[in-house]
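What follows is one structure encoded as structure tokens, with my remarks underneath.
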Amino acid sequence: MAHNTSSDSDNEITTTRAKLFGHEKPMHDVLGGGKVADILLWRDRNISAALLVGMTVMWFLFEIVEYNFVTLLCHISITTMLVLFIWSTVADILKWNGPKIPHIILQDSFFHDLASILHSRFNQLLPMLFHISCGIDLPLFLLIIVSLYILSVIGTYFSFVNLLYIGFLCMQTLPIVYERYEDEIDNLLGDIMLQLRKKYRWLNKNYLNKIPRGPVKEKKTR
């Protein structure tokens, strides 16, 4: 009977797979469904490519050329002002249209969507971390601990600018990769979580349950 119970529980585990976003919402809605989601999923390829090129140039100037931030900001401002001055002067002479600030920069919807996504993700992440830290799901708790430790070790070999750039590259690539290969990634994560749960059940059965514990005091009811 014990063997049947364990096999039934194993079969129950193998039938449940971890879903990264539950399939209730598409990836575009998970990211907020606005312009930020369009950029991260490369729906607007021009803006996404321009942002990627701009961040790559910034990383190259800071990390490779070792530009100082204040110096770079001043040089960019000087170059921009000179270009606008020459453009405006030539436009007055040749009767062309003068330079104008792009309308998209003046819109606050992009920054509002970005702040809304960051706020909602933080509100979801904080209770989830609290729930995991309480030890309710021990395999997931151990996985997070090991992942954070690996990240801390990796952080010792990279500068802060490199970590920011790597994080940006992940934001620009992982969402669209997951959207295109959602089933394959969910199956892979499901297999990993199933194996971790099986390892935990074996560890709990052979070692953790054998640890002596003190008597449990019953609560007095009035």
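Not measured: the values here are computed from a predicted model.
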task = Applying side-chain contact (heavy atoms from CB on, under 4.5 Å) between Val53 and each of Thr56, Leu51, Val57, report the one that passes.
result = Val57

key: Asp186-Tyr178 side chain donor-acceptor pair, cut-off 3.5 Å   = yes

inquiry  = How long is the straight-line distance from CD1 of Ile39 back to CE of Met171, given to the nearest 0.5 Å?
reply    = 10.0 Å

ask   = Take atom CZ in Arg180; do more than 12 heavy atoms of anything else shown fall under 6.0 Å from it?
value = no

task = Give the cluster check for Phe160 versus Leu169: same hydrophobic cluster or not, with ILVMFWY residues linked at side-chain heavy-atom distances below 4.5 Å.
result = no

remark   = Output for pair (Ser48 OG, Leu40 CG), nearest 0.5 Å, gives 7.5 Å

For the student: nearest non-hydrogen atoms of Ala49 and Trp42, plus distance = N-CZ3, 3.7 Å

message = To check you understand the geometry: which heavy-atom pair defines the closest contact between Cys170 and Pro175, and what is its length?
response = O-CD, 3.4 Å

task = Determine the interplanar angle of the His75 and Tyr67 rings, folded into 0 to 90°, and report it as parallel if under 30°, tilted if 30 to 60°, perpendicular if over 60°.
result = perpendicular

task = Would you please test Tyr200 and Arg197 for side-chain contact (heavy atoms from CB on, under 4.5 Å) and show each step?
result = CA-CA 5 Å; Tyr200 168 71; Arg197 292 181 183 277; 5.6 Å; no

message = Whether the Thr89 and Asp92 side chains hold a donor-acceptor pair (N or O, under 3.5 Å, no angle test) is what I'd like checked.
response = no

ask   = Which distance, rounded to the nearest 0.5 Å, do you find between the CD1 of Ile64 and the CZ of Phe60?
value = 6.5 Å

query = Do you know which two heavy atoms are closest between Thr173 and Ile176, and how far apart they sit?
reply = O-CG2, 3.1 Å

query = Counting heavy atoms not belonging to Asn123, are there more than 12 under 6.0 Å from its CG?
reply = yes

key: Test item: Ser88 side-chain N/O and Phe85 main-chain N/O as donor-acceptor pair under 3.5 Å   = no

ask   = Can you name the closest pair of heavy atoms from Phe62 and Leu72 and give their distance?
value = CZ-CD2, 3.5 Å

key: Separation between CD1 of Ile47 and CG of Leu52, rounded to the nearest 0.5 Å   = 13.5 Å

Test item: Val153 and Tyr149 side chains (from C-beta on) under 4.5 Å apart, heavy atoms = yes

query = How many angstroms lie between CG in Leu151 and CZ in Phe158, if you round to the nearest 0.5 Å?
reply = 10.5 Å

